[in-house]
Amino acid sequence: MASRRSIEIGVGIFVVLGLAALFMLAMRVSNLSSVGGGGGYELTARFKDIGGLKVRSPVRMGGVLIGRVKRIAYDSRRYEAVVTLTIEDRYRNIPRDSHANINTSGLLGEQYLGIVPGKSRDYLKPGERILRTRSAVVLEQMLGKLLRLEGSVPAAEGYELVARFDNIGSLANGAPVKMGGVRIGQVTAIEYDRERFEAIVRMRIDKRYNNIPVDTSAKIFSANLLGNQYISLEPGGDEKVLKPGDRIRLTQSALVLEVLIGQMLLNKTQEGAGGKK
Amino acid sequence: MIADRLQALGSLVIDSLRRFGQATLFLMRALGGFTDMLRKPHLLVDQLYSVGVLSLAIILMSGLSVGMVLGLQMYNTLVDFGTEDSLGPAVALSLVRELGPVLTALLFAGRAGSALTAEIGLMKATEQLAVLEMMAVDPLRRVIAPRLLAGILSMPLLAAMFSAIAILGSYLVAVQMLGVDEGAFWSQMQAKVDLYEDVYNGIIKSVVFGIVVTWIAVFEGYDATPTTEGVSRATTRTVVYSAFAVLLLDFMLTALMFGD
């Protein structure tokens, strides 16, 4: 057994180390040092839709953290969300005609309340309401507006078209067929022609769209950088229209990212080689 | 046949309840001995040394390696999405909320809990506890209470050290070796980790685990059959029961604290 003195020194070191670790967790790891809990004054704002805003979400002006969301309530008579903010006392001079918007930091980041200052010389006093607000943009609504989705097309009502592609990328059964961005049908079957080394894609088009010209071209596109692939039909100018079971002759295969980049690099090196000569 | 099974089940339940009741009465009487520590602090200091200081090495080593591994593995996943900046908060949150208290409690049960059980069990086997009683000294106040308090005080300190050194370990790997931005590492961490929500709840967890693990350890020792085999069984039970209790309680506490 160690001597009395070394035991006591050991315990002393132990306690000091433990407290130092707690201090580090409080000051260095968590947010104690950045925003004090107590100080600040309150403002309110009303929104139709707050999206993913939460209590303690940041409030930013010009990107700088000036406070946090303190409380979120729902006014069931006016069908609005009432958000109470705590703003640090340093930032007393928020113009009365400022806008409060709900923004997202980055593509996938958390939502925050952004205040865009107005031009008024009259400043908001504690407890007052920011009148001009813009609600959160809900991604699904935005996409809905963008794509004018009309729900899925019933498979039974419609006619079939066929197209052949060198490469269909990651096109899958059930993928949408669009014309001018509007969904007009879906892919029903994908086969591989072993003799001609081509992919055969069968699609069912809603019967409302029975006037697709015969010189229409079919291209495989991606919905966005990360999204699913779909077939886009670009109508031609011919007066004859495609009949059920017909084949779309003009096709453009899926762009495979690696191939595309490969081509670009190849062109670059060729240009470089040409420059040297 | 069925009646036999049912009887076995019934006696198991009644036995467990009786043991739990004994353990609770035992805890209450030991808690009564906490006031003695004010008059004889050296009793507590000795136990802090054997429970806390002697556990330091294993806690710090494990913390460092857990932190380094976390940093390395999270980096490998996050770098694919270009989000290695959120490595700091991911490591800190998982450590402060879960891994720090839980792993420390498991290591603590293995290092200090088993030693406590073996020590008290041997005191019982060699009739030292009986001798204390003969001298009109209550072994619960003299032997059990200081060990219990030392365990309860040591656990949160050890858990905090575990988390702190693990975060430093992930800092070493992620920032110094793999090249995560240092400013992003700390500032994202400070933005995401909340003192009350995360750090305080982590400390509460470690205090609860400290109480439970030390309680199991000292009770198993005190309750051990006073033979060589009995002490060895009690030691095993301490580690197994502690591990079960810690993991189960961790789930319940997590659901209560972070379950919204």
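Residues of residues 121-129 of chain B lying within less than 4.5 angstrom of chain A, judged on heavy atoms, are absent. Taking non-hydrogen atoms and a 4.5 Å limit, the residue list of residues 87-112 of chain B in contact with chain A, ordered by number, reads B/Ala92, B/Val96. When the heavy atoms of residues 166-181 of chain B are compared with those of chain A, the residues falling under 4.5 Å are B/Ile167, B/Leu168, listed by number.
For a residue to count as touching a neighbouring chain, one of its non-hydrogen atoms must lie under 4.5 Å from one of that chain's; by this rule B/Ile165 does not touch chain A. Both the backbone and the side chain of B/Val45 come within contact range of chain A, each with at least one heavy atom under 4.5 Å from a heavy atom of that chain. If you measure heavy-atom distances from B/Ser86 to chain A, you find no contacts under 4.5 Å at all.
Distance check: B/Leu48 CG to A/Ile7 CD1 gives 11.0 Å after rounding to the nearest 0.5 Å. Note that the CZ atom of A/Arg28 and the CD atom of B/Gln190 stand 6.5 Å from one another [nearest 0.5 Å]. Distance CG/A/Leu25 to CG/B/Leu195: 9.5 Å, rounded to 0.5 Å. The distance from atom CD of A/Glu8 to atom NE2 of B/His42, rounded to the nearest 0.5 Å, is 10.0 Å. With rounding to the nearest 0.5 Å, the separation of CG in B/Leu157 from CG in A/Leu19 is 6.0 Å.
Nearest heavy atoms, B/Ala164 versus A/Ala21: CB-CB, 3.8 Å.
Heavy-atom neighbours of A/Tyr74 OH from other residues, nucleotides or ligands within 6.0 Å: above the threshold of 12.
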Side-chain donor/acceptor pairs under 3.5 Å, residues 58-67 of chain A, sequence neighbours excluded:
| from | atom 1 | to | atom 2 | distance (Å) |
| --- | --- | --- | --- | --- |
| A/Arg60 | NH1 | A/Gly63 | O | 3.4 |

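In terms of heavy-atom pairs under 4.5 Å with chain A, the best-connected choice from B/Val199, B/Ile203, B/Val53 is B/Val53.
Of the listed residues (B/Val51, B/Leu153, B/Leu158), just one forms a side chain to side chain contact (heavy atoms under 4.5 Å, CB included) with A/Phe14, and that residue is B/Leu158.
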Run B/Asp46 and A/Val11 through side chain to side chain contact (heavy atoms under 4.5 Å, CB included) and show every step you take. CA-CA 8 Å; B/Asp46 283 351; A/Val11 172; over 6 Å; no

